[in-house]
Each structure stands twice: as C-alpha cells, then as structure tokens.
Amino acid sequence: MTVHLSDLRPGDGATIVAIDRSGVDPANARQLHEMGFDEGVDVRLLHRAPFGGDPVMLRVGNMGVALRRSLAAMVVVEPMAGRRAA
Amino acid sequence: MNAPARIEVARDPPPTTAAVVALVGNPNAGKTSLFNALTGSRQKVGNYPGVTVERKFGRLALPDGRSVRLIDLPGCYSLTPRSPDEAVTRDVVAGDQAGEPRPDAIVAVIDATNLRNHLRFVLELRRLGLPMVVALNMIDLATRDGTTIDVARLSGILGLPVVETVAVRRRGLVEIGAAVANLLAVIPAKAGTHLARPEAMGPRVRGDDGREGSADLVLLQREARAIAAAVTTQRGEAKAWSARLDAVVLHPVAGPIILAGLLFLMFQAVFAWAKVPMDALAAAVDALGRQVGAVLPAGDFRSLVVDGVLHGVGSVVVFLPQILILFFFIICLEQSGYMTRAAFLMDRLMARVGLNGRAFIPLISSFACAVPGIMAARTIAEPRDRLTTILIAPLMTCSARLPVYAVIIAAFIPDRPVAGLVGLQGLVLFALYVAGVLGALAAAWVLRQTVTKGPTPTFLMEMPKYQWPAARDVGIGLYQKAWAFLARAGGIILVSTVALWALATWPKPPPHPTRPAIDYSVAGHIGATLEPLFAPIGFNQEISLALVPGMAAREVAVSALGTVYSLDADADHPQGLVARLHGAWSLPTALAFLAWYVFAPQCLSTLAVTRRETGGWKWPGFMFAYLFAMAYAGAGATYWLARALL
C-alpha cells in the first residue's frame with residue numbers, strides 16, 4: 001500500500017517508491033535529489049509546522065529536510081510497519 | 001580566544017604567484033570553521049567583482065614552508081547553480097570568475113555524519129580533474145553516533161586522499177596542509193594542463209535542464225549511496241539530542257513562543273548588556289573632546305576637531321557594543337542551526353504574504369544590516385521572490401537605526417519598569433522592531449499583488465544538525481563586523497559629518513546675531529528650505545537638516561544632530577545630545593521621528609547594493625520612493641495622533 005509523503009503523520013517512517021517528476025518544476029525535482037530524495041531511500045516525518053501543519057520536517061537518510069506539503073505530495077512512499085515516536 | 005584576526009577589506013587580490021587552493025563543500029559541512037582554523041589571522045573578506053557574494057581568502061602555511069592562497073567558496077549542493085552564490089562557486093572552480101584564477105587544487109569538505117549526500121558532490125567535483133583532497137570533517141560526531149568509517153577504503157574507492165578533520169577542535173589541520181603540499185608537488189606547471197569543464201557534467205543554469213541533468217544527478221547520488229554503505233559500519237543507535245531539541249523547538253505551541261522569546265531576549269540584551277561599555281565609550285569620547293579642546297586654540301580648527309569629528313563620529317562609535325551584541329546573537333543563531341528552524345516556523349506566515357520561509361533568514365540578517373541581508377537574498381532561487389525580499393529588507397530595523405532609536409528613547413521615554421519585569425525603554429524599542437516587521441510583511445503582500453506578482457515559490461531547505469557555536473568562529477565573525485562598522489565610521493560617516501560641520505559653520509553669522517549662528521549657515525538655509533516639506537509631520541529645521549546626511553547612512557542622522565546641536569550649544573553650558581533634544585523637541589515630534597526611522601528611506605549603501613543585486617537603477621529608485629512615502633505617512637500619522645492624544 002502506498003501513500004503520498006504529505007499523508008504521513010509525525011513519527012511515521014516510509015520508503016520512497018516514486019517521485020512524480022511530471023508534477024514538479026524541474027528545478028525543484030533536482031533540488032529534491034540534492035536533498036537526498038530518491039527511490040529506495042528511507043524517510044521519516046518528524047515535525048509539522050505550527051499554524052496548519054505546513055511545512056513538514058523529515059529525516060531523509062541521515063539529513064533533516066523541510067518542505068511544503070504540496071511538494072511532499074509529489075513523493076509516493078510505502079509506509080513502514082510499526083510506528084516509532086520521533 | 002586566539003589572537004584576533006587581522007581583517008582587511010579586499011580590494012583586488014594581491015598579485016601572487018602562490019598556488020591557489022579552493023575550499024568547496026555542501027552548506028553545513030563545516031567549511032567556514034575549517035577555513036578559520038586553517039588561515040587563522042591571515043584572512044581577508046570582500047566581495048567578488050560584479051556580484052555581492054562574500055569572498056574570503058587567506059594564507060595557508062604548508063608544512064614544507066611554502067604558503068598557498070586559500071579561498072573559501074559559498075557552500076552549494078552541486079555545480080549546477082540555482083542561485084547567484086552557487087554560481088560563484090561553479091565559476092571559480094571552472095576558472096570563469098573574473099578576478100579569480102582557477103584553483104590549482106581543491107579541498108572538498110564533507111560532513112562525516114552525512115556521507116552519502118556530501119559524497120555525491122565530491123563525485124561531481126572529481127570530474128573536474130583538479131587535484132583534490134577530501135576533508136572528512138566532524139568525524140568526532142560520526143564516532144559519537146556509533147558510525148565507523150573505513151577511511152583507507154573510502155580513499156581507495158574515490159582515488160583521492162582523505163583526511164579526517166574536526167575543524168572546531170583544530171584536529172587534522174596539519175594533515176590537510178601536508179595533503180595539499182603533496183597535491184601541489186605533483187602538479188605539472190599551470191599552463192598546458194587539460195581540465196574538464198563543468199559543461200561536461202551538466203547544464204550550466206538550472207531550469208533549462210529537463211530530465212537529463214536530473215538523471216545524471218541521480219546516477220551520482222546512487223553511486224554516492226553505494227560508496228557510503230560500503231565504507232560505513234553503524235553500531236547502535238545514533239544519539240538523538242538534535243532530534244530531541246527539535247521536538248521542543250519545533251513544537252507547535254512551544255516553538256513559536258521560544259522564537260518570540262529569543263528575539264525579545266536579543267533586543268532586551270542589546271539595550272541592557274551594552275549600557276556599561278557604551279557609557280564608558282561615551283565618557284572616553286567626552287574626555288578626549290575636553291583634552292583636545294584644552295590643547296587646541298579656539299577657532300575653526302578646534303570646532304572642526306571637537307564638534308565635527310569627535311562629536312559626530314564619536315556619537316556613532318559609542319554604539320559599537322550594541323551592534324556587537326546584536327551580531328553576537330545573529331551569528332550564534334546561524335551557527336547553531338537554529339536560524340533554519342526559525343525559517344521553518346515562519347514559512348506559513350511568510351507564505352501568507354507571498355514569500356517563503358527561506359526569506360526569513362535574509363530578513364533576520366537585516367536586523368543587523370540591510371546590506372548583508374540583501375546579499376543573503378541571493379540564496380533565494382526564484383527571481384520575483386528574491387526581488388520582494390530585497391525590497392522589504394530595509395524595513396527590518398537595522399543596527400544603524402539603533403543609534404537613532406537609542407538617543408530618542410533615552411531622551412523621551414522614561415526609564416521605568418513595566419509590570420515589574422521589563423524596562424519601558426526596552427519595550428518601546430521592541431515595539432519599533434515589531435512595527436518594522438509588520439511594515440515589511442504588509443509591503444511584501446502589496447508587492448506580491450502588484451509589481452512582483454507571480455506564482456508563489458515552494459519551500460525546500462536542509463535542516464542541519466544543531467551545533468554548539470565555536471568561540472573562535474563567533475570571535476572572527478564579530479571581529480569582521482566590528483572592523484566593518486569602524487571602517488564605515490571612519491569613512492562615510494566621517495566624511496559626511498565633516499561636510500555637514502562645514503555647511504553648518506559657514507557663512508558665519510553677522511557680528512550681532514539675532515538668531516542662533518547655525519541659521520545663517522548653508523546648512524541652516526537647506527534646513528529652512530526643507531522645513532516646509534517636513535513641518536506637516538512635526539519636524540523642525542534641525543531634523544530636516546539632519547535627514548539629508550541621514551540618507552548617506554542612517555546613523556549619521558545622530559552624528560548630524562550631535563554636530564548641529566553641539567554647534568548650536570551655549571559654549572558655557574555644554575550638554576549631552578540626549579539632554580539637548582529633551583529640551584528642544586516636543587514628545588509628538590520625537591515619536592514622529594522614531595516612526596520616520598521605522599520606515600526610513602534607506603542609506604546609500606543599501607541603494608548601492610540593491611542596484612548591484614538587481615542590475616540597474618529601476619529597483620533602487622522604486623525602493624527609495626516607496627520607503628519615503630511610507631516614512632512620510634507613518635511619521636505624519638504618528639505626529640497628529642500623538643498631538644491629539646497626549
């Protein structure tokens with residue numbers, strides 16, 4: 001079962017299955033890769049910003065990355081079994 | 001602290017035959033710490049010609065007795081630039097940067113705790129074919145996290161020398177020097193070497209790349225992940241104190257409260273901590289004035305030295321402690337990694353006015369000075385977003401406005417506690433800062449609806465691990481700021497105060513003047529001419545006069561008032577500027593003056609840097625006009641409201 005990265009809740013871990021590059025500005029797609037996003041990489045959603053939960057902060061590999069939910073929605077992930085508090 | 005760094009403003013780099021070595025790496029790899037540790041007191045700071053990207057270079061002594069010129073390049077994630085500062089890094093390593101020779105060798109700085117991302121950039125740099133050594137920095141943090149890195153194997157796979165370093169603890173510095181010496185020993189003569197151009201690796205400008213640029217990036221990314229996996233052994237769980245800190249700092253309720261508290265503490269400290277050193281400095285300036293006054297014969301020369309130079313420049317120099325405290329906070333917030341958290345917390349609010357959280361960092365820097373703030377906006381990739389940030393940066397209360405606020409507050413706002421906790425003066429200062437921020441947000445919103453209309457860019461940003469700011473790096477940073485401030489005081493402020501003194505001294509009044517002497521001078525006439533323009537907003541002739549040099553640099557308004565009122569003073573009853581203003585201005589006038597400076601049309605340096613960053617006079621002209629209108633309206637409204645209510 002896959003979901004969008006933007007659907008994860010704080011503490012949820014997942015593995016990136018696909019990045020919908022057609023929905024992303026090419027420059028943003030590049031930047032996602034520079035920040036370590038790629039198919040097969042493990043991510044964990046750590047925090048949501050105050051005032052509406054947007055943007056979100058993630059751990060991508062060993063790197064902390066913040067991005068808006070609209071961009072996170074372009075990343076398809078497979079949630080890991082079991083949750084762990086961030 | 002070590003011996004203070006000797007900082008000079010770079011003109012052109014000195015002609016040199018020494019080899020050039022560039023320090024390159026991702027942001028947050030600890031590059032600047034390594035640069036500070038390697039070059040110590042032998043560094044210079046300036047800008048690249050044509051672009052206001054900070055240029056730092058220094059001398060690195062090699063173990064074999066030679067020395068090389070080390071240049072610190074802006075951190076970037078790849079050689080495909082998305083913003084002007086990243087473009088500089090690419091241009092320098094490609095040998096395309098005017099005024100900078102192509103480096104003879106590269107020191108690639110990587111974070112040992114984030115190997116797979118930083119190795120990707122190393123792989124990209126390796127394709128340039130320049131001699132290169134990899135500084136595996138922050139190796140102590142990797143060890144603490146239970147990560148073991150097989151350095152020999154990493155070196156073998158990359159085909160590059162790899163040196164373990166801990167820049168903040170000065171570990172591995174000798175080894176870096178030795179590795180650089182080795183690289184330079186085997187380099188053939190500079191001419192005739194065939195080096196790869198970055199074009200071989202991807203498009204020069206991001207945005208026109210389409211898929212292929214990304215595809216190449218993805219291949220490197222995967223190769224880097226494979227290498228990282230091959231050389232790393234993880235034992236146990238990483239210590240998560242950074243994550244635990246984030247749980248508090250980014251908490252939906254506690255986070256914004258902590259941010260507001262930190263900003264409030266910063267402004268309270270600027271006033272409270274600086275008091276003792278400022279009083280001491282002011283006393284020293286006064287004592288010097290009396291000494292000089294006693295030595296020099298009465299006349300124009302004594303007036304120039306005492307009224308012009310000492311009172312003028314002195315009234316600005318006394319604010320050095322406040323400016324250093326402000327920069328101390330900003331440098332610590334930046335180096336600790338908190339600034340990116342602030343950007344994260346603020347993104348939602350910034351999005352409401354059409355900006356993104358990344359713009360928060362240049363805006364916070366603008367609290368110190370709009371010039372570095374406007375330069376910091378170069379990290380914003382989207383042009384309209386960057387332009388909006390540049391245009392509103394002068395509305396953030398810069399440290400040059402502190403002298404103005406401080407004098408007026410000291411003269412007109414009683415020094416008493418409110419609710420037994422905070423001082424009223426500090427509270428008024430905080431309110432002025434808040435007014436600036438709200439003005440900036442309002443201006444951004446209007447600009448994004450009109451002149452910089454366009455799609456709202458997204459927000460995507462690394463959140464680095466927290467780090468304890470290194471005393472050495474904070475010290476070097478503060479020393480650079482102090483030097484820049486004093487250079488300004490000795491340059492533009494000295495020149496404009498002396499010019500104003502001259503204008504305020506000649507022509508001399510007739511033998512039996514019926515009005516103050518200054519009324520007869522050129523400055524008096526300028527003030528009288530401008531007065532009708534400013535009278536509706538409550539400004540008198542002296543203020544109208546002080547506003548003119550105040551355009552050169554905001555703090556000059558204070559030295560100008562210092563000069564005007566010092567010349568105006570009864571020679572037998574010299575009074576401090578604060579006391580004189582208290583007698584000369586009404587409270588509504590003082591409040592209107594504060595309101596004027598909340599929106600004050602900015603200084604010449606700000607306009608000049610805006611011209612350079614936007615490539616023409618159109619935007620600085622626009623900036624001047626809209627800020628003038630805001631300042632006039634703000635001061636006028638304050639004046640008439642205060643008159644009606646007080």
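We use all heavy atoms of the structure for the numbers below, so side chains are in, but hydrogens, waters and symmetry mates are not. Just so we're on the same page: letters track the sequence lines, and every chain starts at 1.
Two residues are said to be in side-chain contact when any heavy atoms from C-beta on lie closer than 4.5 Å; B/Pro252 and A/Phe51 fail this criterion. Taking 4.5 Å as the limit, every side-chain heavy atom of A/His33 sits out of range of all side-chain heavy atoms of B/Arg120. Counting heavy atoms from C-beta outward, A/Leu67 and B/Phe344 have side chains that stay 4.5 Å or more apart. With contacts defined as side-chain heavy-atom distances shorter than 4.5 Å, the pair A/Asp54/B/Asp347 does not qualify. B/Val249 places a side-chain heavy atom less than 4.5 Å from the side chain of B/Tyr466.
For B/Asn117, the part sitting under 4.5 Å from any heavy atom of chain A is the side chain, from C-beta outward, and nothing else. Of the two parts of B/Ala343, neither the backbone nor the side chain holds a non-hydrogen atom closer than 4.5 Å to a non-hydrogen atom of chain A. In this structure, chain A has a heavy atom under 4.5 Å from the side chain of B/Arg225, while its backbone stays farther away. If you measure heavy-atom distances from A/Leu58 to chain B, you find no contacts under 4.5 Å at all. No part of B/Asn28 comes within reach of chain A, as not one of its non-hydrogen atoms sits under 4.5 angstrom from that chain. For B/Gln221, the part sitting under 4.5 Å from any heavy atom of chain A is the side chain, from C-beta outward, and nothing else. Contacts between B/Asp246 and chain A at a heavy-atom distance below 4.5 Å involve backbone atoms as well as side-chain atoms.
Of the listed residues (A/Ala72, A/Ala29, A/Pro55), the greatest number of heavy-atom pairs within a distance under 4.5 Å of chain B belongs to A/Pro55. The choice from B/Arg244, B/Met346, B/Lys465, B/Arg116 that makes the most heavy-atom pairs within less than 4.5 Å of chain A is B/Arg116. Heavy-atom pairs under 4.5 Å with chain B peak, among A/Ala66, A/Gly53, A/Pro50, at A/Ala66.
How far OG1 of B/Thr232 is from CD1 of B/Ile149: 5.5 Å, rounded to the nearest 0.5 Å. Between atom CG of residue B/Leu387 and atom CZ of residue B/Arg448 there is a gap of 9.0 Å, rounded to the nearest 0.5 Å.
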